[in-house]
Protein chains: 2
Amino acid sequence: MKVIHYNPSSLEEAVKIIRDALTSKKLMVIYGCCTIIYEGRGASRLTQGDRLVIVKRDGSVLVHRPFGYSPVNWQPETTDISLSVENGELVMKALRLTPREILEIRFTKIYTITHAILDDRGEFIEYLSEEEIRDYLSKNPSTIEEGLITIDVEKRVEPGFIDLYCRDRNGNVVIIEIKRTTASKDAVLQLKRYIDAVKKYMPRERIRGIIVAPSISKSALELTEKLKLEYKRIDISQIYKVLRSRQRGKSLLHYIGKAKS
Amino acid sequence: MKVIHYNPSSLEEAVKIIRDALTSKKLMVIYGCCTIIYEGRGASRLTQGDRLVIVKRDGSVLVHRPFGYSPVNWQPETTDISLSVENGELVMKALRLTPREILEIRFTKIYTITHAILDDRGEFIEYLSEEEIRDYLSKNPSTIEEGLITIDVEKRVEPGFIDLYCRDRNGNVVIIEIKRTTASKDAVLQLKRYIDAVKKYMPRERIRGIIVAPSISKSALELTEKLKLEYKRIDISQIYKVLRSRQRGKSLLHYIGKAKS
DNA sequence: CGTGCCAGGTGCCAT
DNA sequence: ATGGCACTTGGCACG
């Protein structure tokens, strides 16, 4: 990686430096004092202050304040970034077509610009996604209940996708909704919709519904009982442990959240 | 704003530079080659590559790849950032207590570090938030329906908050759920829950429910009809225009999305 | 602190 | 493009 720092003495010079980064598709970081206008799906104004502006090679623009995780303004993958100097301000407009949105950054002062070309071909591996947990449970349904058999995964029904479509040891249809974090009322209602949809096709059968999650909110549990559904707690860190040990990787799950309820 | 660039010749030197930024609560940008481990609510690994790492004064950590809006790994407001050199790698651990999560960045090479103190006391003004739209509609309920009267805003009921609690010209209770973007099935179900909750208290009254949004998904509209609820389209850009003209600011709504359906 | 809910949510994948 | 849904969602307000 090569990083180049610039300290432009004028806004005109800054324009050239920024334009160079855009055409050569470099990653750029700008430290400057600016005001910002955004209009599109929403609209916002940000009055003057020092900010960190990142422009990536795909045209993504991020404006960061000195605190907080989220950028205060942004533009994901803009088609077009235009530059100009107007009334002593360097104006950067990042335009996006769908949805039609514009981010306008007006710099009154630019302190530093850095250019860099990052060689990043790293692989990003994610564990413990809902998909991984679903996959594990579909192959190990007895984790949920002894005698359970998986019939279908991600089964399409009218209102959406059923995570696991199973039968229990008594032959009843069991519909399972998996959540990797605390299950909310929304999850319970989602499950209810699936059951109602399946009931249409098999009006005589008894259909069970189980929310499978590491924990559940109080009101969601009440709703579960009211709707005659069930809740089954699972231990996410336990699943993680099993999966990782199989994959011959050392286990590092000291921080994996333990479920509480 | 003052920006200082460092090009540490060793990882030990880099540790000192980073520590200095942390103790003096500066904003720091690190260009380096690293591998990353994350464990907490989820878990992930990122193999070696060049990245941009931002550490803010509140301990937020962002790891950016050369493309895309979202950071590949992050930590929002960590309690604790520790540094060490292990096996020729600079290890930065950002710990968060609730939820318990750890982000471990292992740098094999650090190219550049920049420190900066940003003077950002700018005011961020957001327009067209659901709150602003709700406020407007509560004061101008006839936008939704002639003769509608607002009784309560953000009324607390058991399942949550009712956006607008109104009565129509015939004295019927009308519960309104506002969405600033396309209303989904979730929005409809949310409204249904509120109506059921209110019905408990007034079992004899006819209670109407209206989804108010610039557009609605096809399946959500079907659900609306099935549940005998209503949908009323509103023109967001029109509301924006009225609000802005009142606030004596020039209107800049060329980019404000026009609703379609 | 948990629970609920908005967000310019973003991202991924399906039709 | 639209829709349905997960996300280390983040963020805020409220009990």
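Letters A, B, ... mirror the listed sequences (proteins, then strands); counts begin at 1. Values below: every heavy atom of this structure, side chains too, minus hydrogens, waters and symmetry copies.
For the pair B:Ile162 CD1 and D:dC14 P, the interatomic distance rounds to 16 Å; values are reported in whole Å. Rounded to whole Å, the distance from CD on A:Gln190 to P on D:dG4 is 12 Å. As a whole-Å value, the separation of B:Ile178 CD1 from C:dC5 C1' is 14 Å. Going from atom NZ of B:Lys56 over to atom P of D:dG10 covers 14 Å, rounded to whole Å. Per the geometry, CG belonging to A:Asp186 stands 15 Å off P belonging to D:dC7, to the nearest Å. What separates CG of A:Asp163 from P of D:dG4 is a distance of 16 Å, to the nearest Å. Note: CD1 (A:Ile133) to P (D:dC7) measures 8 Å, nearest angstrom. Between the CD atom of B:Glu177 and the C1' atom of C:dC5 there is a distance of 9 Å, given to the nearest Å.
Sparse packing is recorded around CZ of A:Arg121, with 12 or fewer heavy atoms of other residues, nucleotides or ligands lying under 6.0 Å away.
Counting any heavy atom pair closer than 4.0 Å across all strands shown, B:Arg193 reaches sugar-phosphate atoms only and no base atom. Residue A:Phe67 is classed as having no contact, given no heavy-atom separation below 4.0 Å to the nucleic acid. Residue contacts for B:Glu154: at a heavy-atom cut-off of 4.0 Å it reaches no nucleic acid atom on any strand shown. Within the 4.0 angstrom heavy-atom criterion, no nucleotide atom of any strand lies near A:Glu77.
For the C1' atoms, the distance linking D:dG11 with D:dC7 amounts to 14 Å, nearest Å. Look at the P atom in both D:dC5 and C:dG8: the space between them is 23 Å, to the nearest Å.
Residue B:Thr182 is the one, among A:Arg134 and B:Thr182, whose nearest nucleotide of DNA chain D lies closer to the 5' end (criterion: closest heavy atom). Nearest-nucleotide positions on DNA chain C for B:Glu131 and A:Ala183 put A:Ala183 closer to the 5' end.
In this structure, B:Tyr165 has no ring-ring contact (aromatic ring centres under 6.0 Å, His included) partners at least two apart in sequence or on a different chain. For the side chain to side chain contact (heavy atoms under 4.5 Å, CB included) test, residues two or more places apart in sequence or in another chain that qualify with B:Pro71 are A:Tyr69, B:Leu62, B:His64, B:Trp74. With sequence neighbours excluded, the residues satisfying side chain to side chain contact (heavy atoms under 4.5 Å, CB included) with A:Glu154 are A:Arg134, A:Phe161, A:Asp163. Remark: A:Asp196 engages A:Lys192 in a salt bridge (charged side-chain N to carboxylate O under 4.0 Å, His left out) (not counting sequence neighbours). Judged as a side-chain hydrogen bond (donor to acceptor under 3.5 Å, both in side chains), and not counting sequence neighbours, B:Arg57 has no contacts.
Using a 4.0 Å cut-off, no side-chain N or O of A:Lys185 falls inside it from OP1 or OP2 of C:dT3. Of the side-chain N and O atoms in B:Ser184, none sit less than 4.0 angstrom from OP1 or OP2 of D:dG3. Between B:Lys218 and D:dT2 there is no side-chain polar atom (N or O) within less than 4.0 angstrom of OP1 or OP2.
The residues A:Glu101 and A:Arg96 are annotated as salt-bridged, a charged nitrogen and a carboxylate oxygen being separated by less than 4.0 angstrom.
B:Thr182 and B:Ser217 share no side-chain donor-acceptor pair at under 3.5 Å.
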remark   = Letter by letter from the 5' end, nucleotides 8-15 of chain C scores (B base, S sugar-phosphate only, - none; protein heavy atoms under 4.0 Å) BSSS----
